[in-house]
There are 2 protein chains.
Amino acid sequence: MSKQPGRQKGPVTSRDVARLLGVSQSMISRAFDPRASVSPANRTRIVEAARALGYEPNVIARSLATRRSSIVAIVMGSMENPFYTGVLDQLAQALDEAGLRSLLFRVPPGQDVDDQLPALRRYNVDGLIVASASISSRIAAEWRRDDRRVVLINRTVPDASVASISCDNCGGGRQLADLLLDSGHKRLVYVAGPRNTSTNRDREDGFMEGLMERNAGLVGRIDAGEYSFNAGAAAAHRAAALKPDGIFFANDILALGGLDALRHELRLQVPKHVSVVGFDDIEMASWPSYRLTTIRQPVSEMVSSAVAAVAASATAQANSISLPGLLVERGSVMRRHGM
Amino acid sequence: MSKQPGRQKGPVTSRDVARLLGVSQSMISRAFDPRASVSPANRTRIVEAARALGYEPNVIARSLATRRSSIVAIVMGSMENPFYTGVLDQLAQALDEAGLRSLLFRVPPGQDVDDQLPALRRYNVDGLIVASASISSRIAAEWRRDDRRVVLINRTVPDASVASISCDNCGGGRQLADLLLDSGHKRLVYVAGPRNTSTNRDREDGFMEGLMERNAGLVGRIDAGEYSFNAGAAAAHRAAALKPDGIFFANDILALGGLDALRHELRLQVPKHVSVVGFDDIEMASWPSYRLTTIRQPVSEMVSSAVAAVAASATAQANSISLPGLLVERGSVMRRHGM
DNA sequence: CTGAAAGCGCTAACAG
DNA sequence: CTGTTAGCGCTTTCAG
């Protein structure tokens, strides 16, 4: 009936370690808290014993006691846009390196994030990184009051109290306007993404401002409706009717779809007959079949800022960061002479 | 000093509900367990009160008590291969629909999954879905003994006790061999992916068997080393030296890279000069620039089987499922006459 | 610096 | 069917 030493029933707990060493259980808990006071001698004794027994603090129990979990939720809307799969990949990695776990939370299209967020709270999630989805500032405030950070990637909200980090979409739009104008384009079309996204709005605003400053304008504006390859192709058909010499698609996936439709369905040459530019610089933009000139979003900086923000202490102030995009010129724009 | 009713300090707990209704706390716990016995009258009274107070059971506490979490970990190796981002997307959605949360666990390239798995155990993760990574059968057995299901997607292990679900890679390889032979190809090259993956091995085996059965063979075999666009391009250069009339790339991303290199760097026409086929049917394979003939993996079936397996009761038997792939013919293979 | 004790919020026997 | 009583494994005062 006596306990066999080597053969525990469950996983080893702090009490097992305590018993082995003849110290109190709370001591071994402290030994794993850097800021707690334990004599150096005991601390090393404890970590050694812990390793020997294969002890690791149970995160769930800790979470129950502390009300934190060191897990952050990544909220994702559609993953149709490859840009976000890149973000997700880097995010997961960065969080991991910061000692945080990622709970992936995929919002079905058409569903509102806000409704699902309370459910997340029950997991004691420490923070929220929202990419490719929106969130009401009321909910954001609730989380904040509860000392849980929320940061938006590539989306901004009016409420200044919620951290958001994004690319300078407006400035990017301007750069593209300048590029197209400088190279002599006269008949420009803008293909818009979903109308309720701030990315789309800012890119368009920047582009339009850039044009107007130089007394130029659009020959037309097409609404693609969503960010997808097929929507880009469909938009290209409608755009082609306008006989443009340059098209700015609100993002790369749209541009790629458009490019292919222009070439393979509309029998137009890009860039000879019409130039096209996009935004994001997803991986496929650099593939030889496309060679799309576009604005590169500084994904890794965005990701590390986001992780830093979510890991920041509660006292830290929520601020919005906007990082400049980089124009990368490839083969989809041609200099036009004459006229 | 008396408690104000409306103004709790923390979130509302089961005890708050109990107090309000004048019943025991355990009763309210039972009310949320369908299999527990509570008088119908009380049950409805409780759920109403709960809703009124905004009570929801705390998952962490539950997890501590039950040693389960309704969280399953998705283990992902590289997300470079777009095939897996599709899998991930669907997986997250399917798990969500099954009432499970997904903890995303990204294994850095070159790292071994096994080392990180114990860390996951501390989260009381109910199960493990491993995609694009390997796991030792020792670890798998450990989890299993602990009543936590592990299922592999697109990877098999010798040990029959771990569930695995994959596409019939071997059969797919055969189909491709037949296709290429039927259309009169004589100089075939196989471009291999990472040598230690079962996907690569099976596809190659199936392909070779298909060839040998018809007394055909390869004119060469190239090792791409990894599953990536650039690796495919590099492999295409080496393959071209062999003057092939048909190339089977071990998967689509390789094939796409190869296709582009063949056309834009090697100045070869596909399929006129050389046919190419891939495997997976990732989204880009259907893009007009590529129109790649390939084998479609039944991703949604694979995903739902995986979720079913991970949610299965402990008594359920771990079995391996292999689903047939579907040949989808597009424009990258040409019928060859003569000789 | 260390130990004792009181929770965190829930589940699960066990009596009644 | 319902209440009581122990925990789950850890953190955190509070004394010593």
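The shown structure was predicted, so the numbers you read here are calculated from the model rather than taken from an experiment. Every heavy atom of this structure was used, including side-chain atoms; hydrogens, water molecules and symmetry mates were not. Residue numbers begin at 1 in each chain, while the letters A, B, ... track the order of the sequences.
- Between Tyr227(B) and Tyr84(B), the distance from one ring center to the other does not fall under 6.0 angstrom.
- In this structure, of dG7(D), dG3(D), dA5(C), it is dA5(C) that holds the atom nearest to the side chain of Ser26(A).
- The separation between Leu64(A) atom CG and dC8(D) atom P is 13 Å, rounded to whole Å.
- Annotation for Arg51(B): atom CZ does not count as buried by contact number, only 12 or fewer foreign heavy atoms lying within 6.0 Å.
- One finds a side-chain N or O of Tyr55(A) lying less than 4.0 angstrom from the OP1 or OP2 phosphate oxygen of dC10(D).
- No engagement by Phe32(A) is indicated, since no non-hydrogen atom pair under 4.0 Å with the nucleic acid exists.
- Note on the helix from dC1(C)-dG16(D) to dG16(C)-dC1(D): terminal axis deviation equals 40°, with five pairs used at each end and the result rounded to 10°.
- The distance from atom CD of Gln25(A) to atom C1' of dG9(D) is 7 Å, rounded to the nearest whole Å.
- Along DNA chain D, the nucleotide closest to Ala36(B) and the one closest to Ala65(B) are compared, and the more 5′ of them pairs with Ala36(B).
- To the nearest angstrom, P of dG9(D) lies 14 Å from CZ of Arg68(B).
- Closest to the side chain of Pro57(A), out of dG3(C), dC10(D), dT2(D), is dC10(D).
- Leu128(A) has its side chain out of reach of Phe105(A): every pair of non-hydrogen atoms, C-beta onward, lies at least 4.5 Å apart.
- Look at Ser29(B) and you'll find a side-chain N or O under 4.0 angstrom from OP1 or OP2 of dT11(C).
- Along DNA chain C, the nucleotide nearest Ser14(B) and the nucleotide nearest Val23(A) are compared for position; the residue whose nucleotide lies closer to the 5' end is Val23(A).
- Judged by distance alone, the side chain of Arg43(B) and the main-chain N or O of Ala31(B) form a donor-acceptor pair under 3.5 Å.
- Distance Asn58(A) CG to dG7(D) C1': 14 Å, rounded to the nearest Å.
- A 4.5 Å side-chain heavy-atom check between Val113(A) and Val130(A) finds every atom pair outside the cut-off.
- Between Arg62(A) and dT11(D) there is a side-chain N or O to OP1 or OP2 distance below 4.0 Å.
- Rounded to whole Å, atom C1' of dC8(D) lies 9 Å from atom CG of Asn124(B).
- Distances shown here put every side-chain N or O of Thr66(B) at or beyond 4.0 Å from the OP1 or OP2 atom of dC10(C).
- Close to dT2(C), at under 4.0 Å from its OP1 or OP2, lies a side-chain N or O of Asn42(A).
- Contact between the side-chain N/O atoms of Ser24(B) and the OP1/OP2 oxygens of dT4(D) is not found at any separation under 4.0 Å.
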Would you sort out whether Ser164(B) and Ser320(B) count as a side-chain contact (heavy atoms from CB on, under 4.5 Å), showing the intermediate values? CA-CA 5 Å; Ser164(B) 84; Ser320(B) 296; 3.4 Å; yes
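- Residue Ser37(A) is in base contact, counting any heavy-atom pair closer than 4.0 Å across all strands shown.
- Counting only heavy atoms from C-beta outward, the side chains of Arg68(A) and Arg148(A) approach each other to under 4.5 Å.
- Remark: Arg67(B) is not in phosphate contact with dT11(C), judged by side-chain N or O atoms under 4.0 Å from OP1 or OP2.
- Nearest heavy-atom pair across Phe32(B) and Ile46(B) is CE1-CG2, 4.3 Å.
- The side chain of Met27(B) sits closest to dT2(D) out of dT2(D), dT2(C), dG9(D).
- In this structure, Ile60(A) places its CD1 atom 13 Å from C1' of dC8(C), rounding to the nearest Å.
- Of the candidates dA4(C), dC10(C), dT2(D), dA4(C) carries the atom nearest the Arg30(A) side chain, counting heavy atoms from C-beta on.
- For Arg35(A) and dC1(C), the CZ to C1' distance is 17 Å, given to the nearest whole Å.
- We find that CD1 of Ile28(A) is positioned 15 Å from P of dA4(C), with the value rounded to whole Å.
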